[in-house]
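Note that the coordinates shown come from a computational prediction; the quantities given were computed from them, not determined experimentally.
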Amino acid sequence: AGSELGSAAGWSGAADGALQWAVHTGAVLTAVLLVKSCFFCLPTVTVFLSTLTPKFYFALTVTSSFISGLIFVFEWWHFRKYGTSFIEQVSVSHLRPLIGGVENSPPAPAAFSAGENEANRQNMPECKMWRNPLNLFRGAEYSRYMWVTGKEPLTYYDMNLSAQDHQNFFTCDTDALRPSDTVMQKAWRERNPQARIKAAYQALELNNDCATAYVLLAEEEATTIVDAERYFKQALKAGEMIYRKSQNCHSQSPQHEAQLRRDTNVLVYVKRRLAMCARKLGRIRESVKMMRDLMKEFPLLSMLNIHENLLEALLELQAYADVQAVLAKYDDISLPKSAAICYTAALLKARAVSERFSPETAFKRGLSTAEINAVEAIHRAVEFNPHVPKYLLEMKSLVLPPEHILKRGDSEAVAYAFFHLQHWKRIEGALHLLHCTWEGTFRMIPYPLEKGHLFYPYPSCTETADRELLPTFHEVSVYPQKELPFFIHFTAGLCSFSAMLALLTHQFPELMVVFAKAVSMVSVISILTMFPTPLSFKNQRHCFPYSRCLLCFITV
């Protein structure tokens, strides 16, 4: 396979060289034929140039400026819509096959199983929003940020997604049987935070054991983590009682099964948030135990990504062996990846070599096996989410993470770096190793950058989705950052140059006519007198010095 890829790359390089040779040869032949025709018609050309008026030069420059402007506008539109230059695409698609070139196809991504085909890859959902496993508390954290800075940390789109989640998690068809649940069903739909809080108190008046009402108050009314934990403990007490009742009668009807699912969601949510409160209040070992117990009690709810909360807490304890054990279970090819999984794996690999790593020494003696593993892990993590390194290296400022993230997007990078930057700083040399190696990832990913190497091709919708998730004052990171193709620069320069000539011709017609005639004559004569090698042409009485270029051999 390696030889085949090398052979394909060699043929592609040969095709590129042949294409460039053909273009240059064609340009030389065109110039030769033009110069030859100008030489044989030199007296006629001289007379023709002397009779041209300023209006002709002005019309010529205006027409060329207009045509080049149209080409530039079309090139820009094509690039904005398709991401490539039209002229470059046509040359690669039509000229390269004529000279036997082949396109350099990337290797098959390692993350695919053997039975998957290209159609399945393309049908993968690209812009699915995920609930942020480490999302902050609205009242105790997001609201405090808004009070201090005056900036809204959450977008309406993000909060609307959360409202939909709350309705899916905390409501069911049997809510009409309990007045308190009916009130809470309306509360989750309210847009105004004060209206939601008021509805929660109304539900508690109807039923003092309404667990979802305590959840809403913990999330939005509590202004400190201590207050939030107090509300969640009340929610846990009420939630466990309702959950036991639902377990006893869940098999009676489909409505009771739906009620059990809802009560299970409430119980899991409350226990998870209690574990996060303990983590924020410094009771990390207690938090780890609560998360482990929750994962054992509800193993089928792995889609909630509770293991990412566990990873962050274990890193805070510096229990790296336990972190590796969690990664061994969840960093599997059959499970969806995340920035937390990929970058934590890279951090553990970097930890083994970062303290003694030196770029100069590694360049002289080569990389050891452990260093190669660390660099490959960093490359893998960067390919999965290329936005994270700039936050970890503090090349880009952080904001509060949103309540939802887009995997492989800037929103996920913000959420990861917000909680894990301290863990990278704690390991000596880890950030230095990341700084030295992360940009090498982009040289490994096949061209164009949207094609994948170890993962699915990078989604093209991340920028739009991240702009809806992240606040307006945050500068969204974009990948791949498309650079303007050469032909857009070329056509823009040509359009500007010809427009400037048209303007000068209109303002100074006589001077520009003299300048154009001089340039035309000098260019023809300079090409004809390039090298002092006298050659005589048939039907010519005079001998002129001509170059030893292709023109000499053609005319002879």
Side-chain angles (χ1 to χ4, degrees), residues 127-136 141-142 153-154 158 272 276 279-280 291 303-318 320 323-324 326-327 330-331 335-351 354 374 377-427 430-431 433-435 437-439 441 454-455 458-459 462-463 465-467 469-471 474-479:
C127 286
K128 179 183 177 181
M129 304 298 176
W130 297 74
R131 183 79 177 178
N132 183 5
L134 297 169
N135 67 303
L136 304 178
E141 293 171 308
Y142 287 119
L154 296 176
D158 191 16
R272 178 185 194 159
M276 294 176 69
R279 163 68 182 90
K280 292 176 184 291
M291 293 177 191
M303 74 287 297
L304 298 177
N305 296 325
I306 303 175
H307 59 275
E308 295 192 14
N309 300 85
L310 179 60
L311 282 175
E312 196 279 328
L314 290 173
L315 286 172
E316 182 64 22
L317 288 175
Q318 302 184 42
Y320 298 113
V323 173
Q324 184 61 55
V326 175
L327 287 178
Y330 290 96
D331 191 6
L335 298 177
K337 298 293 182 292
S338 66
I341 291 291
C342 296
Y343 278 89
T344 302
L347 178 61
L348 293 187
K349 293 277 189 4
R351 175 176 172 267
S354 60
I378 291 176
H379 286 325
R380 170 179 179 259
V382 174
E383 183 183 344
F384 180 82
N385 193 317
H387 309 284
V388 173
K390 287 189 176 181
Y391 293 107
L392 293 180
L393 298 173
E394 299 182 85
M395 301 166 62
K396 199 168 168 38
S397 59
L398 278 170
V399 295
L400 293 186
E403 293 184 338
H404 287 79
I405 59 174
L406 177 65
K407 286 193 175 183
R408 308 187 73 179
D410 190 35
S411 52
E412 185 191 33
V414 169
Y416 172 79
F418 186 85
F419 293 100
H420 288 263
L421 176 59
Q422 57 182 336
H423 306 316
W424 281 81
K425 287 185 174 181
R426 184 179 292 119
I427 297 177
L431 289 175
L433 178 59
L434 177 68
H435 175 73
T437 57
W438 74 278
E439 289 182 332
T441 306
L454 297 173
F455 298 99
Y458 190 81
T462 54
E463 179 182 359
D466 282 332
R467 291 189 188 280
L469 287 174
L470 294 166
H474 173 71
E475 182 183 356
V476 174
S477 177
V478 179
Y479 172 83

To the nearest 0.5 Å, how far apart are [atom1] in [X] and [atom2] in [Y]?
{"X": "Tyr479", "Y": "Asp466", "atom1": "OH", "atom2": "CG", "value": "14.5 Å"}
{"X": "Glu403", "Y": "Leu134", "atom1": "CD", "atom2": "CG", "value": "13.0 Å"}
{"X": "Ile427", "Y": "Gln318", "atom1": "CD1", "atom2": "CD", "value": "8.0 Å"}
{"X": "Asn305", "Y": "Arg131", "atom1": "CG", "atom2": "CZ", "value": "12.5 Å"}
{"X": "Leu433", "Y": "Trp424", "atom1": "CG", "atom2": "CH2", "value": "7.5 Å"}
{"X": "Ile341", "Y": "Glu308", "atom1": "CD1", "atom2": "CD", "value": "6.0 Å"}

Worksheet item: With no hydrogens and no angle check, do the side chains of Asp158 and His404 hold a donor and an acceptor under 3.5 Å apart?
Response: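 Result is yes, a qualifying pair exists.
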Item to complete: May I ask you to check whether Asp410 and His474 show a side-chain donor-acceptor distance below 3.5 Å?
Response: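 His474 and Asp410 do have a side-chain donor-acceptor pair below 3.5 Å.
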Item to complete: Give the ring-plane orientation class for Tyr416 versus Tyr343, where under 30° counts as parallel, over 60° as perpendicular and anything between as tilted.
Response: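 Ring orientation of Tyr416 relative to Tyr343: tilted.
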Taking all non-hydrogen atoms of both residues into account, name the closest pair between [X] and [Y] and its distance.
{"X": "His387", "Y": "Gly409", "value": "CD2-C, 3.5 Å"}
{"X": "Trp438", "Y": "Leu393", "value": "NE1-CD1, 3.5 Å"}
{"X": "Pro402", "Y": "Leu154", "value": "CA-CD2, 4.3 Å"}
{"X": "Lys407", "Y": "Lys337", "value": "NZ-O, 3.0 Å"}
{"X": "Val388", "Y": "Ala339", "value": "CG2-CB, 4.4 Å"}
{"X": "Ile378", "Y": "Thr437", "value": "CD1-OG1, 3.5 Å"}

For a 4.5 angstrom cut-off between non-hydrogen side-chain atoms, does [X] reach [Y]?
{"X": "Trp130", "Y": "Leu406", "value": "no"}
{"X": "Arg351", "Y": "Arg426", "value": "no"}
{"X": "Arg272", "Y": "Met291", "value": "no"}
{"X": "Val323", "Y": "Val326", "value": "no"}
{"X": "Glu316", "Y": "Gln422", "value": "yes"}
{"X": "Leu136", "Y": "Lys280", "value": "yes"}

Fill in: Stepwise side-chain contact (heavy atoms from CB on, under 4.5 Å) check, Ile405 with Met129
CA-CA 6 Å; Ile405 59 174; Met129 304 298 176; over 6 Å; no
Item to complete: Please answer whether the main-chain N or O of Ala413 pairs with a side-chain N or O of Arg408 as donor and acceptor at a distance below 3.5 Å.
Response: no
Discussion item. Set out, in order, the CA-CA distance, both residues' side-chain angles and the distance that settles side chain to side chain donor-acceptor pair (under 3.5 Å) for His423 and Glu312, then state yes or no.
Written reply: CA-CA 9 Å; His423 306 316; Glu312 196 279 328; 3.0 Å; yes
Worksheet item: Does a side-chain N-to-carboxylate-O contact under 4.0 Å join Glu463 and Arg467?
Response: yes
